[in-house]
Amino acid sequence: MPRFLVVLFGCLVLAGCSGADITTEQPSFYASMANASARLDANAAASMISQYRQNNGLGAVTIDPELMAAAEAQSRAMAARNKLDHDVAGALGKRIKASGFNAAKAVENISAGYHTMAEAFSGWRDSPSHRANMLATGVNRLGIAAVYAPNSKYKVFWTMILAAPDR
């Protein structure tokens with residue numbers, strides 16, 4: 001009987017060590033954007049892009065509110081027209097300037113049909129032209145958006161703008 005109590009006590013001690021810190025919540029970059037209540041975690045996206053850039057010898061990017069607005073407007077314009085097109089809302093330079101951001105350099109990735117940030121990132125990473133944009137030198141600001149369009153064939157439209165301010 002005493003051996004049983006020692007084992008039981010040991011199990012209780014170990015169980016207490018596990019605490020309540022264990023979480024089963026998935027990282028936000030795996031969250032589906034294919035629903036009306038979805039909200040893109042821009043901080044997680046900036047972290048993911050920054051880590052990729054740093055792994056390739058480049059600097060990190062930080063979220064810029066004006067570029068966020070420009071990316072959102074582009075994704076909304078594509079969703080409204082059910083069309084994947086860089087110029088659907090005008091040329092990139094004009095759109096960025098209209099957002100209030102004065103860019104020395106800017107690049108843009110768009111996509112549609114990816115339901116998660118992880119999927120969009122993987123698609124961009126695996127495309128030579130999109131990869132080149134993610135690894136553009138001299139950029140340090142980010143705007144990113146995902147817009148859900150339930151009646152479109154794509155369901156989710158993505159825009160990512162990387163830029164450097166004109167100082």
Side-chain angles (χ1 to χ4, degrees), residues 21 23-35 37-81 83-149 154-167:
D21 293 356
T23 181
T24 58
E25 188 175 314
Q26 68 180 357
S28 60
F29 47 83
Y30 291 127
S32 177
M33 297 292 107
N35 66 74
S37 64
R39 298 291 171 258
L40 178 65
D41 183 343
N43 290 319
S47 178
M48 181 184 281
I49 300 301
S50 291
Q51 188 62 56
Y52 182 65
R53 290 175 53 77
Q54 289 170 340
N55 288 346
N56 285 277
L58 299 167
V61 294
T62 58
I63 297 169
D64 183 276
E66 293 164 335
L67 294 177
M68 291 294 290
E72 179 81 16
Q74 173 66 11
S75 286
R76 289 204 178 284
M78 290 187 300
R81 292 168 184 81
K83 184 176 184 183
L84 184 63
D85 182 358
H86 283 281
D87 296 325
V88 72
L92 176 61
K94 288 184 179 183
R95 289 187 280 114
I96 291 174
K97 192 170 190 97
S99 78
F101 189 90
N102 196 15
K105 178 178 185 174
V107 295
E108 177 181 64
N109 284 355
I110 60 172
S111 60
Y114 298 120
H115 287 199
T116 69
M117 176 62 210
E119 291 172 355
F121 172 82
S122 293
W124 290 334
R125 184 196 58 215
D126 295 342
S127 159
S129 61
H130 291 101
R131 180 179 189 276
N133 283 345
M134 289 197 303
L135 298 177
T137 58
V139 298
N140 58 9
R141 304 289 173 83
L142 166 79
I144 190 163
V147 171
Y148 176 55
Y154 298 111
K155 303 298 182 216
V156 183
F157 289 83
W158 294 85
T159 302
M160 179 179 64
I161 300 171
L162 299 170
D166 188 11
R167 304 245 177 216

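Every heavy atom of this structure was used, including side-chain atoms; hydrogens, water molecules and symmetry mates were not.
For the residue pair I96 and A103, the shortest heavy atom distance occurs at CG2-CB, 4.1 Å. Between V156 and A146, the shortest heavy-atom distance links the atoms CG1-CB, 4.0 Å. Minimum interatomic distance between F157 and A149 (heavy atoms only, all atoms of both residues): CE1-CB, 3.9 Å. The two residues R95 and G90 make their nearest non-hydrogen contact at NE-O, 2.7 Å. Of all heavy-atom pairs between V107 and A136, the closest is CG2-CB, 4.2 Å. Of all heavy-atom pairs spanning A70 and I161, the tightest one is CB-CD1, 3.8 Å.
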For the pair K97 and N102, evaluate side chain to side chain contact (heavy atoms under 4.5 Å, CB included) and give the outcome as yes or no after the intermediate values.
CA-CA 6 Å; K97 192 170 190 97; N102 196 15; 4.3 Å; yes
Show, in sequence, the C-alpha distance, side-chain angles and deciding distance for N109 and M134, and conclude whether the side chain to side chain contact (heavy atoms under 4.5 Å, CB included) test is met.
CA-CA 8 Å; N109 284 355; M134 289 197 303; 3.6 Å; yes
Would you please test I110 and V88 for side chain to side chain contact (heavy atoms under 4.5 Å, CB included) and show each step?
CA-CA 11 Å; I110 60 172; V88 72; over 6 Å; no
Can you check side chain to side chain contact (heavy atoms under 4.5 Å, CB included) on M160 and L142, steps first, answer last?
CA-CA 7 Å; M160 179 179 64; L142 166 79; 3.5 Å; yes
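When side chains are defined from C-beta on, D64 does not count as touching P165, because their heavy atoms never get closer than 4.5 Å. A heavy-atom distance below 4.5 Å is not found between the side chains of R141 and V61. Within the 4.5 Å cutoff, the side chain of I49 has no heavy atoms near those of the Q54 side chain.
Atom CG of D41 is separated from atom OH of Y30 by 14.0 Å, given to the nearest 0.5 angstrom. Rounding to the nearest 0.5 Å gives a distance of 14.5 Å between OG of S99 and NZ of K94. Distance check, rounded to the nearest 0.5 Å: CE of M68 to CD1 of I63 gives 5.5 Å. Rounding to the nearest 0.5 Å gives a distance of 11.5 Å between OG1 of T137 and CG of L162. Atom CG in L67 sits 11.5 Å away from atom CD1 in I144 (nearest 0.5 Å). From R53, atom CZ reaches atom CE of M48 across 15.0 Å, with rounding to the nearest 0.5 Å.
Under the 3.5 Å distance criterion, the side-chain polar atoms of N35 are matched with a main-chain donor or acceptor of S37. With hydrogens and angles ignored, the 3.5 Å screen pairs a side-chain donor or acceptor of N133 with a backbone N or O of E108. Using modelled atom types, one side-chain atom of E119 and one backbone atom of H115 make a donor-acceptor pair closer than 3.5 Å. A donor-acceptor pair is defined here as one N or O able to donate and one able to accept, closer than 3.5 Å; no such pair exists between the side chain of S47 and the backbone of N43. Listed for the K155 side chain is no donor-acceptor partner under 3.5 Å among the backbone atoms of M33. Looking at R81, its side chain does come within 3.5 Å of a backbone N or O of A77 through a donor-acceptor pair.
The aromatic rings of W124 and W158 stand perpendicular to each other, their planes meeting at an angle above 60°, with 30° marking the opposite boundary.
Side-chain rings of F121 and Y52 approach one another, their centers coming within less than 6.0 Å.
Each of R125, H130, R131 was compared with S127 under the side-chain hydrogen bond (donor to acceptor under 3.5 Å, both in side chains) criterion, and only H130 meets it.
Residues T159 and S75 bring a donor and an acceptor atom of their side chains to less than 3.5 Å of each other.
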